[in-house]
Structure formats: C-alpha cells, structure tokens
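Counting starts at 1 for both ligands and their atoms, following the listed order.
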Amino acid sequence: MDAYQNVGIKRRMKRFFRRDGRALIFAMDHGFEHGPTDFEEHWEHVNPRIIIKKVVRAGIDGVMMLPGLARAAGIDVKPNVGLMIKLTSKTNLRPKDDQLLQSQLGFVEDAVKLGADAIAATVYWGSPQEDAMMRQFAEIASYAHDLGFPVVQFAYPRGPYINEKYGRKEDYRVVMYGARAAVESGADMIKTYWTGSRETFAKVVDAAAGVPVLLSGGAKTDNPVDFLKLVWDVIEAGGAGAVVGRNIFQREDPEPFIKALLRVVHRNEDPEEAAKAEGLL
Ligand SMILES: O=C(COP(=O)(O)O)[C@@H](O)[C@H](O)[C@H](O)COP(=O)(O)O
C-alpha cells in the first residue's frame, strides 16, 4: 500500500478512536435490518435527525448508518465525529432461506460522496452464502483501501453448521474464528458478538492480532447498569469499545446513558460509579 493510502486510513481511523485507542459508536440501521418497530418504545427516535443530534451532543465518537440515512442526517454528524457508512444489509422481510445473506445496497463512491470516514460491510461467516459475502467484502475493501478509507467488518458467524457444531453462534471458538477471518480478509476494525466472559472475549481480541475489536451492542437491557457492566468487561478484555444501537435509542433519555458509557470506555470508570455520576442511579 503506498504512503498516501496508509496516511488516509490512519487519519480516518483517528476520527473514531481517541488517543486511548477506544471508541463508542452509535449504530442506526435498525429501521432497515429489523424494521421500524424497533423504535416504537421511543417513537421520536425513528427520526434520524432527532436521535443523531442527541448522540452527538452527548459526545459520541462515531455514528454508523446506511447510505440513505446518511443522506437524511449525515449533516448532523458533526465534523469531529466519525461517520461510518455500511454498504451491505438485509431486511427481516426476506424469506428465511435468504436471511443469511447481506446484499450490497450502496457503493464505495456513495460513501465517499457522503463524507464517510470509514466503510463497513457484514460477512456472515459460516452462512451457505458466505462465498457471496466474501467476494462483496473483498471488492468493497479493495476499492476503499485504494482510496485511503478504513474498512470495518461486521464479522458475524451465522449458519446451520455453526449451530450443529458449536451449539450457539456466540461460542467463543466461533466468534474468535470470525474475528480472525475478518483480519485475514483485510478488515481495519471488527464488530462482533459478546462471548459471555472476559476470558473468552480476550481470546477473540488476541485472534484479531491488533485489529481493534468492537462489541456489537445487542438488545436493550432493562437495567442500564447491566449494559455498562458488559461494556466494562469488553474493555477489561482488551476490546476497543462498542457499536451500540438499541441500548441508546430505546432509552427515553439517551444522553446521560451515553455519557456514562463514555466514562466506562475512556476513563475506565466503574459502571456503578459512572451511572451515579450521570444520575442514572
Ligand atoms: O449488526 C447489526 C444487526 O445485527 P443482528 O442481525 O440484529 O444480530 C446491526 O444492524 C446493528 O446496528 C448492531 O447490532 C448494533 O445495534 P444494537 O445491537 O446495539 O441494537
């Protein structure tokens, strides 16, 4: 890779990661991947401009969106906040047999025009359609790297063989495998599942061989401290932070919660202390 691209990738990575090498990123692709019902708990957050303004005000490090939402609300992602555009997706409406495929819904050029700082794509490792997603990722990554953009892989092990062999997709051996596959396929950042313990997540981090590993948030926890504790475990395991959607936009007042998360991610604060400091307890 020549010096220009190398500098481009490094500079853009720094728009997400602070000097401590960690980042808290807001995810908003749920209207497409899960359907707008995900927003019903706090319906005003279905409007990307409303929720993006809140998360930016709270001090989030980055925002991840699909290209269409970035057209609508990318302008609200202030220049000091990293913008990650994801170029693959799927709806929950497609037939069951096709749920293990993410399709390309935008192009690297679109992300560049939208002012992206990083480009993301999902690979369901172990899917019967793994081959198609590997090719898609390779094409996106190759072009993005040529232009000096970092590439994020949502490295999600998913598929019938995984269930048969490991019992669950969150088994650390398979999450670790997905993370390693992401590294070996050229990812600059990895987003993946929680494996259930610090010890096992630390192995995922080791398998990623220096490529930052971010937690994929998951369903909202009733008690906000439970999610703070999860992110604390990720950080203690050597993880680089988290990409969080529902735990933010499904809360009535996401701002103190984000501030508490930032305390845990960047200041190593104990989750309960962080929650108290932001008035959550
Ligand atoms: O990866 C995604 C969906 O995963 P899923 O198929 O629901 O397991 C992304 O659409 C989300 O943005 C990501 O999971 C982060 O959002 P939350 O899980 O924190 O809501």
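- Of all atoms in ligand 1, numbered sequentially from 1 with element shown, those under 4.0 Å from a heavy atom of His34 are 3 (C), 5 (P), 7 (O).
- Ranked by closest heavy atom to atom 5 (P) of ligand 1, the top entry among Arg158, Met28, Met64 is Arg158.
- Ligand 1 has at least one atom lying under 4.0 Å from a heavy atom of Lys191.
- Atoms of ligand 1 lying under 4.0 Å from at least one heavy atom of Ser216, given by number and element, are 13 (C), 14 (O).
- The shortest N/O to N/O separation between Ala27 and ligand 1 does not fall below 3.5 Å.
- A side chain to side chain donor-acceptor pair (under 3.5 Å) with Lys90 is found for exactly one of Gln99, Glu33, Gln102, namely Gln99.
- At the top of the distance list for atom 16 (O) of ligand 1, counting protein heavy atoms only, stands His30 NE2, 3.0 Å.
- Checked against a 6.0 Å centroid threshold, the rings of Trp194 and Phe201 count as neighbours.
- The minimum heavy-atom distance between Ala275 and Val225, with the atom names listed, is CB-CG2, 3.8 Å.
- For Arg251 and Glu41, the salt-bridge test fails: no basic side-chain N is under 4.0 Å from an acidic carboxylate O.
- Ligand-side atoms of ligand 1 in range of Gly218: 17 (P), 18 (O), 19 (O), 20 (O), range being under 4.0 angstrom from any heavy atom.
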Trace of the side chain to side chain contact (heavy atoms under 4.5 Å, CB included) decision for Phe39 with Gln250: CA-CA 7 Å; Phe39 295 93; Gln250 288 181 349; over 6 Å; no

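- The residue among Tyr156, Tyr124, Phe154 with a heavy atom at the shortest distance from atom 1 (O) of ligand 1 is Tyr156.
- For the pair Arg22 and Phe17, the cation-pi test (distance below 6.0 Å, angle within 45°) is failed.
- A salt bridge is absent between Asp20 and Arg18: the closest approach of a Lys/Arg side-chain nitrogen to an acidic carboxylate oxygen does not fall below 4.0 angstrom.
- Remark: ligand 1 atoms within the under-4.0 Å shell around heavy atoms of Val244 are 19 (O).
- The only option from His45, His42, His34, His30 that meets the ring pair (Phe, Tyr, Trp, His ring centres under 6.0 Å) definition with Phe249 turns out to be His30.
- Of all the atoms in ligand 1, the ones that sit under 4.0 Å from a non-hydrogen atom of Gly217 are 18 (O), 19 (O).
- The ligand atoms of ligand 1 that sit less than 4.0 angstrom from a heavy atom of Glu33 are 2 (C), 3 (C), 10 (O).
- Atom 19 (O) of ligand 1 has Gly245 N, 2.8 Å as its closest protein atom, hydrogens excluded (heavy atom only).
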Full working for side chain to side chain donor-acceptor pair (under 3.5 Å) between Glu272 and Trp232: CA-CA 11 Å; Glu272 300 217 351; Trp232 166 256; over 6 Å; no

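- At a heavy-atom cutoff of 4.0 Å, ligand 1 is contacted by both the backbone and the side chain of Arg246.
- The atoms of ligand 1 that sit less than 4.0 Å from any heavy atom of Asp29 are 9 (C), 10 (O), 11 (C), 12 (O).
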